[in-house]
Amino acid sequence: MKEYRTCKCNEISLKEVGKKVRIAGFVQTIRDFGGLVFLDIRDMYGITQVVTSSKESDVDFASHIPLESSVTVYGEVKKREEETINPKLETGLVEIRIEEIKILGKRTKSLPFEINSNQEIREDLRLQYRFLDLRNETLKNNLLLRAKLLQFLRNQMIEQGFLEVQTPILTSSSPEGARDYLVPSRLHAGKFYALPQAPQQFKQLLMVSGIDKYFQIAPCFRDEDARADRAPGEFYQLDLEMAYSTQEDVFSTIEPVIYHTFKEFSDKKITNYPFPRISYNEAMLKYGTDKPDLRNPLFIIDLSEFFKKCTFKPFINQTVRAICVKQHLSKGFHEKLLQYAISIGMSGLGYLEVQEDSTFKGPIDKFIPDDLKLELLQLAELKKGDTIFFIADSKKRATELAGQIREELGKRLNLIDPNVFAFTWIVDFPMFEEDPSGNLTFSHNPFSMPQGGLESLNHKNPLEILAYQYDLVVNGIELSSGAVRNHSIEIMLKAFSMAGYREEEIQSKFGALYTAFQFGAPPHAGIAPGIDRMLMLLTDSENIREVIAFPLNSKAQDLMMGAPSQVKREQLRDIHIQLD
């Protein structure tokens, strides 16, 4: 068969007409016209039509090949007849006249679902047969995009002088915000490794080592519940750290990387860098979340002080937030929005409509004294035709609910442009927050540098201390989280002591950093954009599992491999574990 040139399916074109070629792939469709059989052969790169001779034996053999079997075809490339040209195919002008077809891998089981069909397939079935699911065009293209994106990111980091360093997968357990995955040690009875939640400590140690610009495509392992934008168990990020750097250095480094990556792989409009910055406090007030979707033009205002002057009992001694919409809405719209408000835990949703004469119409109009109505118009910058919604609760709950109502209004009113990537930085996160028991805890990354350094830790109200922490948000999704790191042992001990850690605990849990920071650690900062989330956004996928080759399901199970699974007693005995 040496006279046959091996080709990919997408390489069969008019240039190959008259040439002998060989292709290999899966049989996607078979069309039997009695005297001739046409087959579509699909490989990783495209689809080519092949056609048998009119010999009865050839027709009989080809028509009985099970769909999705893998085959190889030898034949001559011919130009299609005018009436058989398929403009939808890249190879639609040509076909291969079969001289020989061999079955390389025959399908012997029934397909659990059709490949490349428009039918809805249950996700559990897709994940159980992921090796078949990946034959589908959409998932295959997602994997191709993933490979290209990783190469593009790597090239940009290397061009900026970053060194790629791989950090360990087996490490020690440390309290970094999520549950660890633990791995028992065979050689050290009763002791455990942990899979890293992030390379956080290792990349900081690299800075102490003198590696001034580090990056890697890092796997991270967290025992967290699944969400649409969060895979349980394992995810990947572009992890980077820079010595002798500030927050501004990190921003100016990562912004062009993110911008050019989205520009390379999307036709959507992208926020030009430098990206806008919003403080955490402003974001929580104006958008009700620290992950605001800036495509939504609606914003939230605080009317708590105003409603202290009114007689509406549900608003008394409550935080009152409001959202103004520049239109009157139908009764049906209000009813459906009320149903949504109740579904998220609200007891109701008050609103007012501004009439032609600047009076109000709505359920709470009678509770606002006439002499205060002009003040409300001015405070909320209301114009005739506007509708304003009110959300009242405790400060934390009112903030959260107002953010959800804003988001829902944006969707229901079609205010969100799907053809835009709107980036923003959220900065100035609080260093500490109180847990449900009233104890002080870190609100973000515990290894962050407090603004004001040791002075602020010693003299400020802990809940007023800000940190050099920042998140990069796009379209309501947190894409990256980072911080200027705490590189001072003195500041580290003080910050952790305020969160309830004794020095012995710090030495035990973060021993390497505790020691390293006493050997002249340089200041450093970093960030880690999520690769899976980038791909989810670039492919307009509704679920992050669509951009991962072999994901766990929403219950953290691998339905294809059967993980997690039971193991033999001998295996448990080797690692000194006895199940109760």
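Fair warning: this is a prediction, and the values are worked out from it, not measured in the lab.
- Summarising the geometry of Leu149 relative to Ile531, their closest heavy-atom pair is CD2-CG2, 4.1 Å, with the distance given to 0.1 Å.
- The backbone N or O of Thr246 sits less than 3.5 Å from a side-chain atom of Asp249, completing a donor-acceptor pair.
- No donor-acceptor contact under 3.5 angstrom links the side chains of Asp239 and Gln200, judged on distance only.
- A heavy-atom distance below 4.5 Å is not found between the side chains of Lys191 and His576.
- With hydrogens and angles left out, the side-chain atoms of Glu434 and Asn439 include no donor and acceptor closer than 3.5 Å.
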task = Take Cys310 and Leu372 through the test side-chain contact (heavy atoms from CB on, under 4.5 Å) and record every step on the way to the result.
result = CA-CA 8 Å; Cys310 302; Leu372 292 178; 4.0 Å; yes
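- Taken from NZ in Lys383 to SG in Cys324, the straight-line distance is 9.0 Å, to the nearest 0.5 Å.
- The pair Arg179-Glu224 does not meet the salt-bridge criterion, since no charged nitrogen lies less than 4.0 angstrom from a carboxylate oxygen.
- Under the 3.5 Å distance criterion, with hydrogens and angles disregarded, a donor-acceptor pair is assigned to the side chains of Arg321 and Thr399.
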inquiry  = Test ring pair (Phe, Tyr, Trp, His ring centres under 6.0 Å) on Phe510 and Phe496; report intermediate values, then the result.
reply    = CA-CA 11 Å; Phe510 312 107; Phe496 273 90; 5.2 Å; yes
inquiry  = Could you go through Leu466 and Phe429, starting from their C-alpha distance and side-chain angles, then the distance that decides it, and tell me whether this counts as side-chain contact (heavy atoms from CB on, under 4.5 Å)?
reply    = CA-CA 6 Å; Leu466 302 180; Phe429 279 83; over 6 Å; no
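- Judged purely by distance below 3.5 Å, without hydrogens or angles, the side chains of Thr167 and Gln216 pair a donor atom with an acceptor atom.
- Within the 4.5 Å cutoff, the side chain of Val183 has no heavy atoms near those of the Ser185 side chain.
- Using a distance-only test at 3.5 Å, with no hydrogens or angles considered, a donor-acceptor pair links the side chain of Gln451 to the main chain of Ala467.
- For the atom pair OG1 of Thr261 and CG of Leu153, the computed distance is 4.5 Å after rounding to the nearest 0.5 Å.
- Residues Asp471 and His444 have side chains that bring a donor and an acceptor to within less than 3.5 angstrom of each other.
- Separating the OG atom in Ser456 from the CE atom in Met431 is a distance of 8.0 Å, to the nearest 0.5 Å.
- Contact of the Val473 side chain with the Leu479 side chain is not registered, since no non-hydrogen atoms from C-beta on lie closer than 4.5 Å.
- Judged by distance alone, the side chain of Tyr470 and the main-chain N or O of Ala483 form a donor-acceptor pair under 3.5 Å.
- Glu503 and Tyr501 are not linked by any side-chain donor-acceptor pair at a separation below 3.5 angstrom, with hydrogens and angles left out of the test.
- Between Glu241 and Arg485 there is a salt bridge, since a side-chain N of the basic residue sits under 4.0 Å from a carboxylate O of the acidic one.
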CA sep, side-chain torsions, deciding dist, call: Asn296, Leu294, side-chain contact (heavy atoms from CB on, under 4.5 Å) = CA-CA 5 Å; Asn296 185 346; Leu294 296 192; over 6 Å; no
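- Under the 3.5 Å distance criterion, the side-chain polar atoms of Asn155 are left unmatched by any main-chain donor or acceptor of Phe152.
- Close placement of the His334 and Phe389 rings is indicated, their centers lying within 6.0 Å of each other.
- Taking the side chain as every heavy atom from C-beta outward, Leu513 and Val208 never approach each other to under 4.5 Å.
- The main-chain N or O of Asn419 is never found under 3.5 Å from a side-chain atom of Lys269 such that the two would form a donor-acceptor pair.
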request  = Could you give me the CA-CA distance, side-chain angles and deciding distance for Lys373 and Asp365, then say whether salt bridge (Lys or Arg N to Asp or Glu O under 4.0 Å) is met?
outcome  = CA-CA 9 Å; Lys373 289 181 177 177; Asp365 175 50; 2.8 Å; yes
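- Judged purely by distance below 3.5 Å, without hydrogens or angles, the side chains of Ser279 and Asn281 never pair a donor atom with an acceptor atom.
- Rounded to the nearest 0.5 Å, atoms CD (Glu542) and CG (Asp229) are 12.5 Å apart.
- The salt bridge (Lys or Arg N to Asp or Glu O under 4.0 Å) test with Arg277 is passed by exactly one of Glu282, Glu248, Glu255: Glu248.
- Counting heavy atoms of neighbouring residues, nucleotides and ligands inside a 6.0 Å radius, atom NZ of Lys509 does not exceed 12 of them.
- Considering all non-hydrogen atoms of both residues, Thr271 and Pro276 come closest at CG2-CD, 3.8 Å.
- Taking the ring centroids of Phe221 and Tyr181, they lie at or beyond the 6.0 Å cut-off.
- Here the closest non-hydrogen pair linking Phe390 and Ile388 is CZ-CG2, 3.6 Å.
- In summary, Asp417 and Lys268 do not engage in a salt bridge, as defined by a charged side-chain N under 4.0 Å from a carboxylate O.
- Taking NZ of Lys286 as the reference point, atom CD1 of Ile323 lies at 13.5 Å (rounded to 0.5 Å).
- Taking the charged nitrogens against the carboxylate oxygens, Arg412 and Glu408 do have a contact shorter than 4.0 Å, which makes a salt bridge.
- In this structure a side-chain-to-backbone donor-acceptor pair under 3.5 Å is present from Glu505 to Arg502.
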Val474/Phe421 under side-chain contact (heavy atoms from CB on, under 4.5 Å): CA gap, chis, key distance, verdict = CA-CA 6 Å; Val474 55; Phe421 285 123; 4.1 Å; yes
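- Looking only at side-chain heavy atoms (C-beta outward), Leu382 and Phe360 come within less than 4.5 Å of each other.
- The aromatic rings of Phe423 and Phe262 stand perpendicular to each other, their planes meeting at an angle above 60°, with 30° marking the opposite boundary.
- Side-chain N or O atoms of Ser448 include one that pairs as donor or acceptor with a backbone N or O of Asn445 at under 3.5 Å.
- When all heavy atoms of Ile465 and Pro450 are compared, the closest pair comes out as CG2-CB, 4.0 Å.
- Note: Phe215 and Phe162 have perpendicular aromatic rings, judged against thresholds of 30 and 60 degrees for the angle between ring planes.
- Between the side chain of Glu400 and the backbone N or O of Lys396, no donor-acceptor pair lies under 3.5 Å.
- Looking only at distances, no side-chain donor or acceptor of Asp223 sits under 3.5 Å from a matching main-chain atom of Gly233.
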task = Evaluate the ring pair (Phe, Tyr, Trp, His ring centres under 6.0 Å) criterion for residues Phe442 and Phe432: first the C-alpha distance (whole Å), next the side-chain angles of each, then the deciding distance (0.1 Å), finally the verdict.
result = CA-CA 5 Å; Phe442 292 109; Phe432 301 101; 5.5 Å; yes
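- Closest of all the heavy-atom pairs between Pro184 and Ile575 is CG-CD1, 3.2 Å.
- Note that the OG atom of Ser497 and the CE atom of Met492 stand 11.5 Å from one another [nearest 0.5 Å].
- The number of heavy atoms from other shown groups lying within 6.0 Å of CZ (Phe265) is above 12.
- Using modelled atom types and a 3.5 Å distance limit, the side chains of Gln237 and Asp532 yield no donor-acceptor pair.
- Looking at heavy atoms from C-beta onward, Ile254 lies in side-chain contact with Pro529 at the 4.5 angstrom threshold.
- A donor and an acceptor atom, one from each side chain of His260 and Gln156, are nowhere located under 3.5 Å apart.
- For the pair Ser209 (side chain) and Ile211 (backbone), a donor-acceptor distance under 3.5 Å is absent.
- Of all heavy-atom pairs spanning Asn475 and Val420, the tightest one is ND2-O, 3.0 Å.
- Contact of the His524 side chain with the Tyr244 side chain is not registered, since no non-hydrogen atoms from C-beta on lie closer than 4.5 Å.
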